[in-house]
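Worksheet: the structure to be examined is printed underneath.
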Amino acid sequence: MTQTAPITQDVMTIPRKQAEGPINLVGLTRDRMREALIAHGTPEKQAKMRVNQIWQWIYQWGVRDFDSMTNLAKAYRKELAENFVIEIPEMVSKQVSADGTRKYLARIAGGHEVEVVYIPESDRGTLCISSQVGCTLTCSFCHTGTQKLVRNLHAGEIIGQVMMARDDLGEWPRPGEGAGERPRLLSNIVLMGMGEPLYNFDNVRDAMKIAMDGEGISLSRRRITLSTSGVVPEIAKTAEEIGCMLAVSFHATTDEVRDKLVPINKKWNIATLLDALRAYPKASNSERITFEYVMLKDVNDSDEDARRLVQLIKGIPAKINLIPFNEWPGAPHERSDWDRIQAFADIVYKAGYASPIRTPRGEDIMAACGQLKSATERARKSRRQIESEAGLG
């Protein structure tokens, strides 16, 4: 069969050598931090206690220098400072939308940039974080997908985005204040930024384990949602090793259409993906899977599509997030008309599924779903060029 678009870009990225010098403690699991401390002179019998102390300073209090860790002896603090650092991505810029959405441009090691978005709502504050620089996928409706994959982010660069946002929001507890005394401004994490999280599984898992750790940032697994385009072999592992909520970039009800919109469908088609999803809620004890469905005019928005969708997901505890397409320069699609979106939502709702229509947020600063792309890579392409790359030309 002739393929009209690549399933992914070349994912054989050049591994980045570990920089010489002090080791960054951010992103290390408890076990790895313990090993690192022992390797640099911490007595083995003390190592577990030292990990607990340092962990709380970094992830509960947001401390970045060893001198402030007052329950450690001065000589030990000096020893730590000689061998380790506590570093997070650098905030290069911040834009604030008219609706309060914040978009950060974060610089990571090697000078690469990723985008991070904070969305405040009345009952929650959601941070949309990135897992890769660029993206392995070439989904035709997504601006991020027009930026080639550079590399996977390390666990420290992933959890570091959360820490950077907490810095900006002033959310770390103040001296003398308990960790849970103020309402959480950053209460939810969604892995829906740049990249396919399941192509960077180990780093995403380690970062989310840190986010969920009760002695630090302490977010419930039900407040973390990982969004995948359908990397089937990693879905069961996600249930077993992370156990967070799952969202799937579904976007079509036939393989013919999904092959074009989400080319990874050629590797794991709709039937294969749905089989994996049926096992997920049970394995991870999640309540339901979120199906993300971007509304594209005259592509996937008919009544027939809506009826087919509810048949496909039958038996899966689910909600359907309908996403009005967020335009970007040169996009090969248009947003469905509002009446069409409403009619689609009604069919899904009457079939017994929650079908919220996501209110576009941060469109004025290109912070909405599918619009993320680092500023250095935002060179505009012609509509024809993008259609050709996406296999739509």
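Any value given below was found using the heavy atoms of this structure, including those in side chains, with hydrogens, waters and symmetry copies removed. Counting from 1, the numbers follow the sequence of the chain as shown. These figures come from a predicted structure and were not determined experimentally.
- Tyr76 OH: more than 12 foreign heavy atoms inside a 6.0 Å radius.
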Does Tyr104 form a side-chain hydrogen bond (donor to acceptor under 3.5 Å, both in side chains) with Asp168? I'd like the steps, not just the answer.
CA-CA 10 Å; Tyr104 308 106; Asp168 184 55; 2.7 Å; yes
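- For the pair Asp213 and Arg30, the salt-bridge criterion is met [side-chain N within less than 4.0 Å of a carboxylate O].
- Glu304 has no carboxylate O lying under 4.0 Å from a charged side-chain N of Arg307, or vice versa, which leaves the two without a salt bridge.
- Looking at Asp99 and Ser97, their side chains do bring a donor and an acceptor atom within 3.5 Å of each other.
- Test Arg34, Arg50, Met49 against Thr42 for side chain to side chain contact (heavy atoms under 4.5 Å, CB included) and you get one pass: Arg50.
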Walk me through whether Arg64 and Asp167 qualify under salt bridge (charged side-chain N to carboxylate O under 4.0 Å, His left out).
CA-CA 11 Å; Arg64 303 286 152 76; Asp167 286 355; 2.9 Å; yes
What verdict does the side chain to side chain contact (heavy atoms under 4.5 Å, CB included) test give for Ile54 and Leu72, after you've listed the backbone C-alpha separation in whole Å, the side-chain angles of each residue and the deciding distance to 0.1 Å?
CA-CA 9 Å; Ile54 295 166; Leu72 301 176; 4.2 Å; yes
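- Expressed to the nearest 0.5 Å, how far CD1 of Ile38 lies from CD of Gln46 amounts to 10.5 Å.
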Tell me, with the steps shown, if Ile316 and Phe291 meet side chain to side chain contact (heavy atoms under 4.5 Å, CB included).
CA-CA 10 Å; Ile316 300 174; Phe291 285 79; 4.2 Å; yes
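- In this structure, the side chain of Asp259 does not engage the main chain of Glu256 through any donor-acceptor pair within 3.5 Å.
- Looking at heavy atoms from C-beta onward, Arg102 lies out of side-chain contact with Val116 at the 4.5 angstrom threshold.
- The shortest side-chain heavy-atom distance between Arg166 and Leu169 does not fall under the 4.5 Å cut-off.
- A single hydrophobic cluster is seen to contain both Ile320 and Trp338, as judged by linkage of ILVMFWY side chains at heavy-atom distances under 4.5 Å, directly or through other members.
- A salt bridge links Arg340 with Asp303; the closest basic N to acidic carboxylate O contact falls under 4.0 Å.
- Judged by the 6.0 Å distance and 45° axis criteria, Lys237 is positioned over the aromatic ring of Phe201.
- Side chains of Asp305 and Asn300: no donor on one and acceptor on the other come within 3.5 Å.
- Looking at heavy atoms from C-beta onward, Ser131 lies out of side-chain contact with Asn152 at the 4.5 angstrom threshold.
- For Arg258 (side chain) and Phe250 (main-chain N/O), a donor-acceptor pair under 3.5 Å exists by modelled atom type.
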Using the rule given for side-chain hydrogen bond (donor to acceptor under 3.5 Å, both in side chains), can you reason through Thr272 versus Asp275, listing the C-alpha separation, both sets of side-chain angles and the distance that settles it, and then say yes or no?
CA-CA 5 Å; Thr272 307; Asp275 283 346; 5.9 Å; no
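- A salt bridge links Arg151 with Glu157: the closest approach of a Lys/Arg side-chain nitrogen to an acidic carboxylate oxygen falls below 4.0 angstrom.
- Across all non-hydrogen atoms, the minimal contact from Thr228 to Leu198 is OG1-CD1, 3.6 Å.
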Walk me through it: do Asp206 and Asn203 pass the test side-chain hydrogen bond (donor to acceptor under 3.5 Å, both in side chains)?
CA-CA 5 Å; Asp206 290 352; Asn203 287 308; over 6 Å; no
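- Within the 4.5 Å cutoff, no side-chain heavy atoms of Val310 are placed close to those of Lys350.
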